[in-house]
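Input: a single structure, listed below in C-alpha cells.
Letters A, B, ... mirror the listed sequences (proteins, then strands); counts begin at 1. What you see is a predicted model; the values in this text were computed from it and never measured.
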Amino acid sequence: MEPDVMSTKMLDKGYDPKAVEQRWYEFWEREGHFAAADADGRPPFSIVIPPPNVTGVLHMGHALNNTMQDILCRYRRLKGDNVLWMPGTDHAGIATQNVVERQLAANGQDRHQLGREKFIEAVWQWREQSGSAIINQLKRLGASCDWQRERFTMDEGLSRAVRTVFVRLYEEGLIYRGMYITNWCPRCRTALSDLEVEHEELDGHLYQIRYPFARGKGGVVVATTRPETMLGDTAVAVHPDDERYADLPAESVILPLMEIEIPIIRDAYVDRAFGTGALKVTPAHDPNDFEIGQRHKLPSNKVIEDDGTMGAAAGQFQGLDRFACRKAVVEALQEKGLLLSMQPHKHGVGHCYRCKNVVEPNLSRQWFVKVKPLAEPAIRAVESGATRIIPDTWAKTYYDWMYNIKDWCISRQIWWGHQIPAWTCGACENLVVAMAAPAQCPACGAAELTQETDVLDTWFSSALWPFSTMGWPDQTPLLKTFYPTSVLVTGFDILFFWVARMMMMGIHFMGEVPFRDVYVHALVRDEEGKKMSKSKGNVIDPLDVIDTYGTDAFRYTLAAFAAQGRDVRLSEKRVEGYRHFINKLWNAARFALMHLDRGYDRIDPAALLSLPDRWILARLDRMTRQVAEALDDYKFNEAAGAAYQFVWHEFCDWYLEAAKPALYDEGAPAAREAARQVLWTVLRDTLVVLHPFAPFVTEEIWDKLPGTSGSIMQATFPLAEGPPPDGEALNPAETEMALIVALVTAIRNIRGEMNISPAAKLHVTVQSPEPATRAAIDRDRAIIVNLARLEALAVTEPGERSPTSATAIVADTELLVELKGVIDFAQEAQRLEKELGKLNKELSAINKKLNNDSFLDKAPEAVVAEVREKQVLLSEKQDKLSATHARVVGFRGEG
RNA sequence: AGGCACGUAGCUCAGGGGGAGAGCGCUACCCUGACACGGUAGAAGUCCGCGGUUCAAAUCCGCGCGUGCCUACCA
C-alpha cells in the first residue's frame with residue numbers, strides 16, 4: 001500500500017505532548033466547550049471546585065483533586081449532561097496576610113505603619129499580580145472549569161452573601177460575642193478556631209511547685225507543664241472527695257513569686273490520680289481553668305499579652321517572652337526552694353496551622369457561632385442518605401466530629417478578610433449588626449458608630465461556597481439548575497474545616513443539602529509513603545512532571561493509583577510507565593491512520609465481519625461499560641485499568657495483529673473494507689472513552705482521524721443502551737477468539753521454551769474430537785498461521801501423531817509442533833516433565849476436594865460440577881502429556 | 001487515651017469464601033511492514049503471625065505484632 005493515497009494526516013513516530021497541549025486548551029476555551037448553560041433541557045451536573053488559596057501554587061494534592069473532578073466533568077459532558085464546574089479561589093485570610101506582611105518586612109515595614117486601608121490595598125495589589133498563578137497551573141492540568149464564572153471569596157457578590165448570613169445568624173441568636181478563652185497565635189496575633197490548632201507531642205517537663213498555706217505550716221503541691229502561667233493563678237483546686245485535702249490548716253495559699261493570697265476551692269473536675277491531686281487554676285490562660293473560674297466566680301488575671309510577652313500583671317517578669325519567663329520562673333522558684341521536682345513529660349502542644357508557632361490559650365473578646373442547632377440537620381442529612389459520603393468510612397469520622405462539635409470562634413484579629421458587619425455606638429455602647437453601616441444608632445440616635453475591626457474566619461466564607469458562587473442571596477437560574485451540586489471532590493483533611501460547615505450552612509440557608517455525593521480522596525505521598533513537604537525535600541512539583549511526561553501521562557497515573565481509601569504514592573517512574581501507554585495509544589492511531597482514508601457512520605450490518613472484528617467490538621462494549629460503571633462509583637483506578645488493559649492487551653496486542661492480513665490484502669477488498677470499518681469504529685470509541693483521562697492526546701488524534709468533526713468534547717460516550725447483550729457470559733466471538741489466542745500462545749510458548757528461532761516457520765497439527773472446534777480452527781487458520789508464524793497448519797481428528805513433535809493441550813484440543821530438525825529431544829522431555837509436575841500438583845488439590853464427602857454434600861452443585869469438569873479436563877491433559885513424554889523419551893535418538 | 005485504615009511477587013499496589021493478579025523491575029530471545037516509550041516467552045509469593053467459623057479462608061470473625069493517620073478538656 002502507498003501511505004500517501006491513504007490519510008494525508010500521518011502522525012509522527014512518537015507523541016509529543018508539548019506540541020499540542022497548549023494549543024488544544026486554548027481551542028477548548030475559545031470555543032466555549034467548558035461553558036455551562038444557565039438552564040437547558042439536558043440533565044444538570046455540577047461540581048464546585050475546592051477553591052485553592054490565592055497564595056497557593058499547584059501541589060500534588062491539587063493535581064489529584066482536580067484531575068478527578070475533570071475526569072468526572074468531561075465524562076458527564078460526553079454523556080450529554082449540562083456540566084457546570086464552578087472555579088474560583090479563596091482569599092485565605094491569615095495565609096495571604098502573612099505573605100504580604102513578609103513582603104513589607106523585606107522593606108523594613110510592617111502593616112501598622114501602613115494602616116489598615118493601605119495594607120488592604122496592598123493585598124489586593126498583590127492578588128492582581130500573582131493571584132492567578134494557580135489558575136494558570138490548573139489550566140495546564142487540563143481542568144475544564146467554566147472560567148467565565150470564576151469567583152473569589154472576597155468578590156462583592158460573595159461578600160454580600162457573607163454579610164447576609166452573618167446578619168441572619170445573629171438575628172436568629174446563632175451568633176454571639178463574649179469574653180472567652182480561645183486559641184491565640186502570638187505570631188499572627190489573632191484568635192484561631194479549635195480546628196486551626198495542630199497538636200504535636202513534645203518533650204516538656206512536669207514541674208511540681210509548693211504553694212504554702214496562708215496560715216499554718218506546710219502547703220499544697222501543684223503540678224504544671226507551663227509554670228509561667230502560675231503568675232496568673234487565682235485559685236488552687238482539689239477534688240471535693242479527696243481525703244488528703246479534707247482537713248487543711250487553711251483555706252487559702254500564698255501564690256509564690258506574686259505573694260498574694262488565693263483560695264483553695266473544691267471542684268469535681270480535678271483528677272485525684274494525677275500528680276498530687278491539686279490543680280493550679282489560671283482562668284485567663286487555660287480553657288479548663290476558665291470553666292472552673294466561671295463556676296467558682298474566680299477573677300481572671302491575664303499575665304501573657306497578645307504578642308506572647310509577659311504583661312504588667314506578671315510583676316517582676318513583665319516584658320519577658322513567655323518562654324524566657326518560664327525559665328525565669330523556674331529559677332526563682334528553685335531559689336526559694338519551692339520547686340519540688342521537674343520531670344521529663346511528653347504532652348500535646350498546640351501550634352498555629354499557618355505559622356507553626358506555639359498557640360497560647362488566651363482570654364479575649366470574640367465572636368462565635370452556636371453550632372449545635374446547625375449540626376443536627378447536617379448529621380441527619382448524611383444519616384438519611386440525602387448526602388452520601390464516599391467511601392462511607394468517612395461518614396463515621398464526620399459523625400464523630402459533628403456529635404462532639406463545639407462553638408466555632410469566627411473572629412480573627414487580622415485585616416485581610418470580611419470585616420464583621422457590626423457597629424458599636426460611641427454614645428450608648430449599643431451593638432448594631434446590619435448589612436451596611438447604619439447612619440445613626442437605633443437606640444440613642446447618635447451618629448458616632450464604629451465598625452468592629454475583626455474580620456471573619458476564612459472558612460466562614462468558604463462555608464457558603466456552593467451557593468454564594470451561584471449568586472445567592474439572589475434566586476438565580478444558576479442556583480435553580482445546579483443546586484444541590486452533584487458531587488464534591490475533596491481531601492479528607494478539610495472534611496471538618498470545610499465540608500461539614502458547607503453542609504450546615506447549605507441546609508440552613510438553602511433548605512437543601514449542598515451536594516448529593518461527597519467523594520473523599522486520600523493524600524498524595526512520595527514513593528516511601530511520606531507526606532510531601534518542603535522541609536523534607538521530597539516534594540514533586542506537578543508542573544515538572546507535566547513538563548517531562550505530559551499532562552495525559554500524569555493524569556492517567558493519578559487516576560490509576562487513586563484507589564478508594566488509599567494514599568497515592570507517586571514516583572516519576574510510574575508516570576513514565578503511563579507515558580508509554582499514551583505513546584502506545586498514539587502509535588496504534590498512527591497505524592490506523594495509515595489504513596483509513598475516510599470515516600464510517602456505523603458498522604455496515606451487511607459487512608462480513610471476521611472473528612477478530614466481532615471479538616474486538618464485543619470487548620469494546622464490555623470495556624466501555626466497565627469504565628462507565630467504575631466512574632459512576634468513583635472508582636477511578638478501575639476505570640483507568642479497564643481502559644488500559646483494553647487498549648494495550650486487546651486492541652494492540654491481538655486485534656491489530658490479527659487484522660493486519662485483511663488490512664494489507666488487496667485481493668479481498670470486501671474483507672479489507674470491513675476491517676477498516678471496525679478499526680475506525682474501535683479507535684474512535686476508544687478515544688472518546690479515554691478522553692476524560694487523557695484529554696490532549698485524544699483530541700489530537702481525533703483531529704487527525706478522518707470522519708470526525710469538531711472537538712472530541714462534543715462526542716457522545718459510546719455506551720450502548722440496555723444491559724450487556726450476553727450478560728457476564730462470553731459471546732460466541734469471544735469464546736472462539738479465546739481458543740485462537742490460547743492456541744497461538746501455546747505455540748509461542750513452545751517456541752520460547754524450546755529456544756526455537758523466531759524466524760523458523762513451523763509445521764503444526766491440531767487434533768480435536770469436536771467437529772465444531774475443528775471447524776472454528778479451520779476457519780481462523782490464517783490468523784493462527786500469521787500470529788504463530790507457521791509454515792503449515794493441519795487440522796484433524798485425534799489420531800496419528802508425529803513421534804517427533806512437541807505437544808501442548810488446549811482444552812480438548814491437542815497441539816503438535818513438529819520439532820524434527822529444529823530441536824533436541826532431551827530438552828523437550830525436560831520441559832514436559834516440568835509441566836507434568838505442575839499439573840500433578842493441581843490435580844491432587846482437585847482430587848482431594850472430590851474425595852471429600854462434605855464437599856460433595858454441602859458445596860453448591862454448580863461448584864461441584866465445575867470442579868468435576870476441571871478434573872476430567874486435567875486428567876485428560878495429564879494422559880496426553882504423559883504419552884507424549886514417553887514418546888519423546890523413546891525417540892530421543894531421532895532428533 | 002480513644003478511633004480509623006493498612007500489612008498480597010524485589011518495589012508500588014489491585015482483588016476479596018471455591019483455579020494467587022497488574023504495573024515497574026528481573027531473565028532469555030527478537031530492530032517481524034504502528035510503536036525498542038516496542039514484541040514474544042519466562043522466573044518469582046507461608047496473600048504479617050496465631051486461633052476460630054466453614055465442606056472450603058489470602059478473603060469472614062477474634063487476638064497479637066508492625067506501619068500510617070485522625071480525634072481528645074492527658075494539670
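Using C1' as the reference atom, B:rC24 and B:rC37 are 14 Å apart when rounded to the nearest Å. Here, B:rA14 and B:rG3 have their P atoms 25 Å apart, quoted to the whole Å. For B:rG39 and B:rC69, the P atoms lie 39 Å apart once the distance is rounded to whole Å. Taking atom C1' in both B:rU12 and B:rG2, the straight-line distance is 32 Å, to the nearest Å. The separation of B:rG16 from B:rC61, taken at their P atoms, amounts to 14 Å, rounded to a whole angstrom.
Each of B:rA75, B:rC55, B:rG18 was ranked by its minimum atom distance to the side chain of A:L206; first place goes to B:rA75. Minimum atom distance to the side chain of A:K849 is reached by B:rG18, of the listed B:rA75, B:rG39, B:rG18. Listed candidates were B:rA75, B:rU12, B:rC29. Nearest to the side chain of A:V270 is B:rA75. Comparing B:rC35, B:rC4, B:rA75 against the side chain of A:E657 picks out B:rC35 as the nearest. Nearest nucleotide to the side chain of A:H580, out of B:rC11, B:rG3, B:rC37: B:rC37. For A:K584, counting side-chain heavy atoms from C-beta on, the closest listed nucleotide (B:rA34, B:rG42, B:rC55) is B:rA34. Set against B:rG42, B:rA75, B:rG15, the side chain of A:E638 has B:rG15 as its closest nucleotide. Closest approach to the A:E842 side chain among B:rA75, B:rG19, B:rA34 is made by B:rG19 (side chain taken as heavy atoms from C-beta onward). With B:rA5, B:rA34, B:rC55 as the candidates, the nucleotide lying closest to the side chain of A:A588 is B:rA34. Here the side chain of A:P758 is nearest to one of B:rC29, B:rG38, B:rA75, namely B:rC29.
Look at NE2 on A:H199: it is 16 Å from C1' on B:rC69, rounded to the nearest Å.
When all heavy atoms are compared, the tightest approach of A:H285 to A:I181 is N-CD1, 3.8 Å.
A:Y353 and A:E198 are not linked by any side-chain donor-acceptor pair at a separation below 3.5 angstrom, with hydrogens and angles left out of the test.
Using a 4.0 Å cut-off, some side-chain N or O of A:K660 falls inside it from OP1 or OP2 of B:rA34. Between A:K635 and B:rA14 there is no side-chain polar atom (N or O) within less than 4.0 angstrom of OP1 or OP2. Contact annotation: A:H285 side-chain N/O to B:rA75 OP1/OP2 distance is not under 4.0 Å. OP1 or OP2 of B:rG42 sits under 4.0 Å from a side-chain N or O of A:N749. Within the 4.0 Å cut-off from OP1 or OP2 of B:rC69, not a single side-chain nitrogen or oxygen of A:W394 is found. One finds a side-chain N or O of A:Y664 lying less than 4.0 angstrom from the OP1 or OP2 phosphate oxygen of B:rA34.
In terms of polar N and O atoms assigned as donor or acceptor, the side chain of A:K13 never comes within less than 3.5 Å of the base of B:rC35 in a complementary pairing.
A cation-pi arrangement is absent between A:K584 and A:F651, since the terminal nitrogen or guanidinium carbon is not both under 6.0 Å from the aromatic centre and inside a 45° cone about the axis.
Taking a centre distance below 5.5 Å and an interplanar angle below 30 degrees as the stacking criterion, A:F855 does not stack against the six-membered base ring of B:rA56.
Residues A:V744 and A:R579 both approach RNA chain B. Their nearest nucleotides, taken by heavy-atom distance, put A:R579 toward the 5′ side.
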